[in-house]
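Inspection log for the structure reproduced underneath, given as structure tokens.
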There are 2 protein chains.
Amino acid sequence: MSVEDKQKPQRNDRVTIRTVATHAGVSVAAVSKVMRNAYGVSEALRAKVTDAIETLGYRPSRAARGLRGRSFTIGVLLIDIRNPFLPEVIAGVNGVLAPSHYQAMIGVSDARVQLETSLIESMIDYKMDGLVLVAPRLPSEILAKFAAQIPIVAVGYHDAGATAFDTVNADDQRGAEIAVEALLACGYRDIEMLSLGEREGHAVSVVRQREIGYRRAMQRGGLGASAPIGKIPIAPLKREAAMRKFLARKDRPRAVFCWSDLDAITLLSLAMEMGVRVPEDLAVIGYDNSSTAALGLVNLASIDQSGRELGQIATRALISRIEGRTAAEHILQTPSLVSRNSLIGSEDARQG
Amino acid sequence: MSVEDKQKPQRNDRVTIRTVATHAGVSVAAVSKVMRNAYGVSEALRAKVTDAIETLGYRPSRAARGLRGRSFTIGVLLIDIRNPFLPEVIAGVNGVLAPSHYQAMIGVSDARVQLETSLIESMIDYKMDGLVLVAPRLPSEILAKFAAQIPIVAVGYHDAGATAFDTVNADDQRGAEIAVEALLACGYRDIEMLSLGEREGHAVSVVRQREIGYRRAMQRGGLGASAPIGKIPIAPLKREAAMRKFLARKDRPRAVFCWSDLDAITLLSLAMEMGVRVPEDLAVIGYDNSSTAALGLVNLASIDQSGRELGQIATRALISRIEGRTAAEHILQTPSLVSRNSLIGSEDARQG
DNA sequence: GATGAAATGTAGAACGTTCTCCATATAACG
DNA sequence: CGTTATATGGAGAACGTTCTACATTTCATC
């Protein structure tokens with residue numbers, strides 16, 4: 001604003017590292033050093049540079065940074081935002097990142113493997129510093145190949161043998177066991193699991209893990225002989241049809257463990273519609289402890305796996321990996337039961 | 001794999017535009033032209049280059065692209081992923097982007113203005129090609145300042161006077177009118193609106209728009225004299241308390257219009273808990289037509305604003321702006337009513 | 001053929017950082 | 001005072017693209 005404003009030979013108005021250097025009367029390299037707080041900077045220099053940055057409102061270009069060194073961005077890949085579990089994970093990631101100078105960018109693949117691959121590639125091409133993949137659909141070898149190019153932490157992906165990347169999981173086997181144990185404790189013996197249609201199943205997926213836990217707990221309860229698992233397709237229409245069929249069955253079980261709240265809640269709705277009383281005719285327990293499950297109207301017992309916590313742990317693991325760790329880590333959190341009326345009728349009946 | 005493999009003087013293993021050029025026996029510039037399908041490329045050249053790209057599995061670095069020209073990425077900014085309306089918008093954005101060579105990166109600001117600003121800046125620093133801001137909290141002048149640096153389309157931000165950026169909205173005034181008209185048509189006269197606590201209110205926000213529509217419709221219905229608006233705070237605990245107080249009121253109205261499904265559904269839950277029958281004692285209509293509202297257990301009448309469609313329209317607008325349009329566009333979609341049992345009791349009663 | 005216009009391909013300078021040497025100044029030590 | 005270590009600051013080459021300006025070729029048209 002003053003007269004000697006002309007001094008700057010900038011032809012454009014973008015403030016670059018060069019502008020800052022000129023303004024502070026130091027070299028470009030010096031400014032860069034201050035930015036990255038690298039070794040070999042005196043207090044005096046740091047002060048000058050910091051001042052200049054402040055006055056000019058300088059922000060380093062992430063694009064340029066990525067071209068040469070760190071971009072201070074981590075990518076988060078989600079298969080599907082509709083699942084109420086995922087926002088929690090994001091919240092956890094953002095929480096850990098907030099005080100650092102890292103930032104998260106999120107990609108959504110809508111469960112399409114094609115898009116998932118291309119988003120991961122994009123994030124690599126952006127030279128992001130690391131990736132958190134939530135419930136990826138990709139096979140382990142492919143993930144390992146990507147992990148050679150960029151630090152990766154997978155959440156909701158059971159592959160404790162992976163050496164190229166870390167995994168962070170709730171113990172889904174244990175979670176399913178807890179669910180079954182709760183049903184057994186309520187006295188139910190005729191129990192079935194409703195799981196996800198076959199197309200979705202790598203062994204690494206949370207669904208298959210829950211099936212394993214379910215079977216084991218049934219076995220332990222002396223019900224190993226019949227531990228039936230019904231498969232519910234994902235396509236909305238087929239899904240409802242399958243559930244209606246299940247509810248109408250003559251030999252319908254007395255209690256059901258659903259692999260996910262999403263299915264459990266739909267089941268509850270259809271049960272009400274078809275006159276099947278919960279829990280008098282059918283006890284239901286879900287998985288995820290979503291906010292919908294907690295609604296008084298729904299009141300669904302569920303396994304809580306604290307997505308927020310998983311997000312936090314995953315992010316911390318990723319940062320430590322970015323900062324040099326190379327040995328793979330595989331972290332397992334124990335989930336917990338949240339008991340509600342769908343499990344066992346209480347004195348204050350469900351219907352208000 | 002053959003003997004003459006040594007020809008490549010590549011010291012690293014990253015496939016760059018130079019690798020491709022060498023492999024195809026053309027210049028770097030030529031490859032770049034093919035990539036951007038720019039003018040001045042013969043069929044023969046294009047074929048050679050395309051082949052080389054294919055064989056080498058070349059992917060251009062987004063970081064480097066951003067440094068010079070387009071990055072072919074658009075940023076999407078969300079205030080909060082928990083709102084069930086937002087996944088729909090994302091789906092719309094991704095749908096339009098899928099066939100193009102653009103990709104979306106999402107940032108989540110958790111309703112914190114600080115973080116919102118810094119995410120927008122980051123996206124600019126990444127040289128993203130354009131931004132879709134969903135329900136931004138920032139004042140119009142600030143958005144205009146950003147819009148000078150990057151094409152911006154705001155969704156859920158009523159500022160038809162903005163010249164620097166586009167807006168895409170459902171007509172929230174009209175939506176509220178439709179809700180009130182539906183209540184009037186059912187014969188209710190004693191109607192109240194439950195809106196959002198005061199802290200949240202620029203005039204540009206969807207909430208305030210819905211209040212305006214509510215008042216106008218009440219006026220038209222001859223109820224202008226008393227068109228009460230209750231304010232519900234956002235903090236979870238205060239929120240519930242306020243709703244309980246509302247439900248317990250002696251002069252509780254006969255029907256209520258909630259600014260959002262999130263609130264309406266909580267209200268429904270508390271009503272059940274407190275023995276207030278819906279719709280016999282209290283009719284409820286929400287806003288967003290979230291998937292939860294559609295559940296048989298919930299059965300909440302709601303205004304549908306098709307987030308997916310808004311996302312699609314916003315994305316198309318953004319692309320046209322990236323490609324040169326400068327005159328601002330302000331698009332308004334008309335929402336529609338989805339009638340359900342919370343509005344008026346049907347012969348098949350709510351309780352199955 | 002000669003001439004101009006249009007089409008095609010290339011060289012090489014940006015873009016804004018980081019980071020590896022270097023050069024210098026200062027301190028420490030015999 | 002030399003000599004050697006240490007701390008500080010700077011030059012300049014990357015990084016992998018895009019894109020302008022130019023050189024060359026091809027094609028009509030007279």
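These numbers come from a predicted model, not from an experiment.
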Rounded interatomic separation in angstrom, taking CG from B:Leu56 and P from D:dG16: 15 Å

Pairwise ring pair (Phe, Tyr, Trp, His ring centres under 6.0 Å) hits with a residue in residues 32-81 of chain A, at least two apart: A:Phe72-A:His101, A:Phe72-A:Tyr102

Of residues 24-42 of chain A, the positions that come close to DNA chain D - non-hydrogen atoms, cut-off under 4.0 Å: A:Val26, A:Ser27, A:Ala29, A:Ala30, A:Lys33, A:Tyr39, A:Gly40, A:Val41, A:Ser42

Sorted by number, the residues of residues 44-54 of chain B with heavy-atom contact under 4.0 Å to DNA chain C: B:Leu45

Nearest-Å distance for atom pair CZ/P, residues B:Arg18 and D:dT18: 12 Å

Euclidean distance, atom CD1 of residue B:Ile17 to atom C1' of C:dA11 [Å, nearest integer]: 14 Å

Neighbour count above 12 (heavy atom, 6.0 Å) for B:Gln114 CD: no

Under 4.0 angstrom between B:Arg65 side-chain N/O and D:dT18 OP1 or OP2: yes

Distances under 3.5 Å between nitrogen or oxygen atoms of protein and nucleotides 24-28 of chain C:
none

Nearest heavy atoms of B:Met123 and B:Gly107, plus distance in Å: CE-N, 3.7 Å

Sugar-phosphate only, base, or nothing, as touched by A:Phe72 at under 4.0 Å among non-hydrogen atoms: nothing

Pairs meeting criterion salt bridge (Lys or Arg N to Asp or Glu O under 4.0 Å) with involvement of residues 44-59 of chain A, two or more places apart: A:Arg59-B:Glu121, A:Arg59-B:Asp125

Minimum heavy-atom distance B:Ser71-A:Tyr126, with the two atoms named: OG-OH, 3.7 Å

B:Ser32 and B:Arg36: side chain donor to acceptor below 3.5 Å: yes

Nearest heavy-atom neighbours spanning B:Ala63 and A:Gly66: CB-C, 4.1 Å

Residue mapping more 5' on DNA chain C - nearest nucleotide basis, A:Arg70 or A:Leu67: A:Leu67

Candidate pair A:Asp159 and A:Ser140, rule side chain to side chain donor-acceptor pair (under 3.5 Å), full reasoning: CA-CA 8 Å; A:Asp159 184 6; A:Ser140 187; 2.5 Å; yes

Heavy-atom pair with the smallest gap, counting every atom of A:Ala104 and A:Asn94: CB-OD1, 3.9 Å

Ion pair check, A:Glu329 and A:Arg321, cut-off under 4.0 Å: no

Pairwise salt bridge (Lys or Arg N to Asp or Glu O under 4.0 Å) hits with a residue in residues 94-111 of chain B, at least two apart: none

Polar side-chain contact A:Arg68-C:dT18 base: donor and acceptor under 3.5 Å: yes

Phosphate contact (C:dC15 OP1 or OP2) by B:Tyr126 side-chain N/O below 4.0 Å: no

